[in-house]
Every structure is written in C-alpha cells, then in structure tokens.
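Position 1 is the first residue of the sequence; numbering continues from there. As a basis for the values below, the full set of heavy atoms in this structure was taken, side chains included, without hydrogen atoms, waters or symmetry mates.
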Amino acid sequence: MTEPILRVDDLSVRIAGLHILQGVSFTVAPSGVTALVGRNGVGKTTTLRALVGLTPRGGEVTGSARIGAVDALHTPTHRLVRGGLGYVPEDRCVFAGLTVAENLRLAERKGAAPAYDRVYALFPELSKRAKQRAGTLSGGQQQMLAIGRVLLADNRLLLVDEPTKGLAPKVVTEVAEALEAVAEHVPVLLVEQNLAVVRRLARDAVVLAAGRVAWTGAADRLLGEPDLTRALLGVGSAGVPA
C-alpha cells in the first residue's frame, strides 16, 4: 500500500484563546488532489498555515504532521520550502510594487534550476506581462503569478488555498486547468469552495466542521450524494446554497 505524502494526526491550534482546530487527523495521497472543504470559518486556512509554519505569533500548535519523513510542525518554514513544500496562500501575497519577472525571480530556490518553461507553458500571460508591476494585474493574473512562483521548482507537495476565490468564470476554468496539469506530477492539498472545481480536480475529500474532521472519503461520493453534501457543506452538490 502506497504511503501518504502527508499524515496529520491530532492537530490542534489555539489562537488568541480560541480553539480553532480540535484534533484534526487526515492523510493526503502521494498523487492527485485531496480537497479540504467545509463551511466558512471551520479552520481550513488555519490547517494549511499550521502545516507550513505560518500560524500567528503566540498561537499554540500541537499534534503531529509529517511530510514523508519530515516533521512539519517542528521544521522552519524556509526549510520546508527548500525541501519541496509549495504554498499558495488565499490572498495571493504578490509583491505589488515589483514586476511579474521580479516576483518570479524572488521565488527561485538556491541550487535548483528555475523551471520558467513550465510556468510559462501553463500561464503564457505571465511571459507577456513580465515587465508589468504585479499590483496592476487583474485578480486572475495575480493568482496565476502566485501559482507560478511555487512551480518554478520541483515540489513534493503543494498546499493551495482558495485559488478560484473572486475570479471570473473564464479565469476559474483557466486556473482549474493549470492545477489539473500540475496534479499529474505533484500531489495537491486544495482548499476550495467552488464545488464544480472540486468535482473536476479532487479524488479524495476531507470535510472540516467546527474545527474537527467530519468526513473523509472519495470526492465523487461526497458530491454524488446531495443529502450528504447538503448536510456537511450546507450546499447542493452543484455548489448552490441549499
């Protein structure tokens, strides 16, 4: 049996006295997309930030998270990244005053040849706008840049937080197509509210509710049973609020 690339056990996070995550446990397969889904405010983004070591100062994180043999909760963020962990945050975090090319250059990893061909093949718009300041890009173009940065180097695992949030339908499709291509080569833990995107990309799903894991299983089962989808997510399987 193939070992998971990520194993999370009893992960708890307290921030400013609030118990955000309460004993979360799940695994991520070594290939394909695992979707981390749930209603707003249940701890999805907190889970990703804990895994990459970016919980707010003073936050308390307990439990275990291993990326392969690496203890993620006790390894500095920069070492996780150098070891092949890619993170695309919810708010994209591009450097607005720098050009597209400069944003990408900052993401190059020491000792690894940057894969610009791969990035530009997925997002040709970035090549066309290399000299444009990132702050003047559309939301969709900024998202492409945020994803492109982590793809400059080879990764063992990608954590991608709400990549289609606030994007026009055409751009949602473009981003989904790019992630679909990426997932052929590297496993992805994806936080996503758009269930059509989850249906297209994810093989496995983990549902969070009130800081705990409420359900795990095949994504097509979750989305193929309207009553289950509605009970866990509060929406129909097409993503329309019930």
Side-chain angles (χ1 to χ4, degrees), residues 1-13 20-38 43-55 59-90 93 107-115 118-119 122 146-163 178-192 198 201-208 211-213 215-219:
M1 186 174 181
T2 305
E3 285 294 311
I5 183 62
L6 171 66
R7 185 181 297 277
V8 178
D9 291 304
D10 199 27
L11 177 64
S12 292
V13 176
I20 309 297
L21 298 182
Q22 303 174 37
V24 167
S25 299
F26 64 90
T27 61
V28 172
S31 62
V33 175
T34 298
L36 184 63
V37 296
K44 303 184 298 295
T45 292
T46 298
T47 300
L48 296 197
R49 290 180 63 84
L51 293 176
V52 80
L54 294 177
T55 50
E60 179 185 355
V61 180
T62 59
S64 171
R66 304 194 73 83
I67 303 170
V70 176
D71 181 352
L73 300 187
H74 296 91
T75 301
T77 300
H78 68 280
R79 291 186 180 175
L80 291 174
V81 172
R82 288 176 185 171
L85 178 64
Y87 175 54
V88 182
E90 179 183 12
C93 292
E108 294 179 8
R109 293 181 190 166
K110 186 176 181 180
R118 174 169 56 200
V119 173
L122 285 171
I147 297 172
R149 288 184 306 193
V150 302
L151 298 181
L152 279 177
D154 291 330
N155 293 284
R156 300 181 65 196
L157 173 67
L158 293 185
L159 309 180
V160 183
D161 195 357
E162 297 276 20
L179 288 174
E180 191 171 36
V182 169
E184 294 179 0
H185 306 285
V186 58
V188 177
L189 177 59
L190 172 70
V191 170
E192 181 57 69
V198 173
L201 298 180
R203 181 176 63 201
D204 304 305
V206 179
V207 180
L208 291 187
R212 300 176 183 272
V213 173
W215 188 90
T216 61

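Asn155 contributes a side-chain N or O that, together with a main-chain N or O of Ala153, makes up a donor-acceptor pair within less than 3.5 Å. Under a 3.5 Å cut-off, the side chain of Arg66 and the backbone N or O of Arg7 do not form any donor-acceptor pair. Under a 3.5 Å cut-off, the side chain of Arg109 and the backbone N or O of Asp154 do form a donor-acceptor pair. Not a single donor-acceptor pair under 3.5 Å links the side chain of Arg156 to the backbone N or O of Ile5. A donor-acceptor pair under 3.5 Å is formed between the side chain of Ser12 and the backbone N or O of Gly23. Put simply, the side chain of Lys44 gets close to the backbone of Gly38: a donor and an acceptor are under 3.5 Å apart.
Atom CG in Leu80 sits 9.0 Å away from atom CG in Asp71 (nearest 0.5 Å). Note that the CG atom of Leu36 and the CZ atom of Phe26 stand 5.5 Å from one another [nearest 0.5 Å]. One distance of note links CG of Leu6 with OG1 of Thr27; it measures 8.0 Å at 0.5 Å rounding. Distance check: Asp10 CG to Ser25 OG gives 5.5 Å after rounding to the nearest 0.5 Å. For the atom pair Leu51 CG and Thr77 OG1, the distance stands at 11.0 Å (nearest 0.5 Å). In this structure, the separation between CG on Leu21 and OG1 on Thr47 is 4.0 Å, given to the nearest 0.5 Å.
Shown here for Ala50 and Val13, the closest heavy-atom pair between the two residues is CB-CG2, 4.0 Å. Heavy atoms only, all atoms of each residue included: Leu157 and Val186 are closest at N-CG2, 3.8 Å. For Thr45 against Glu90, the heavy-atom pair with the smallest separation is OG1-OE1, 3.5 Å. Residues Ala183 and Val33 approach most closely at CB-CG2, 3.5 Å, considering heavy atoms. Between Gly148 and Val119, the shortest heavy-atom distance links the atoms O-CG2, 3.4 Å. Nearest heavy-atom pair, Pro30 versus Pro4, reported as atom, atom and distance to 0.1 Å: CD-CA, 4.2 Å.
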Show, in sequence, the C-alpha distance, side-chain angles and deciding distance for Val213 and Leu208, and conclude whether the side-chain contact (heavy atoms from CB on, under 4.5 Å) test is met. CA-CA 5 Å; Val213 173; Leu208 291 187; 3.8 Å; yes
Take Leu73 and Leu11 through the test side-chain contact (heavy atoms from CB on, under 4.5 Å) and record every step on the way to the result. CA-CA 10 Å; Leu73 300 187; Leu11 177 64; 4.0 Å; yes
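Counting only heavy atoms from C-beta outward, the side chains of Leu151 and Leu158 approach each other to under 4.5 Å. With a 4.5 Å cut-off on side-chain heavy atoms, Leu159 and Leu85 count as touching. Under the 4.5 Å side-chain criterion, counting only non-hydrogen atoms from C-beta, Leu179 is in contact with Pro163.
Counting heavy-atom neighbours within 6.0 Å of Arg82 CZ, excluding the residue itself, gives a total of 12 or less. The environment of NE2 in His74 is sparse: at most 12 heavy-atom neighbours from other residues, nucleotides or ligands sit within 6.0 Å.
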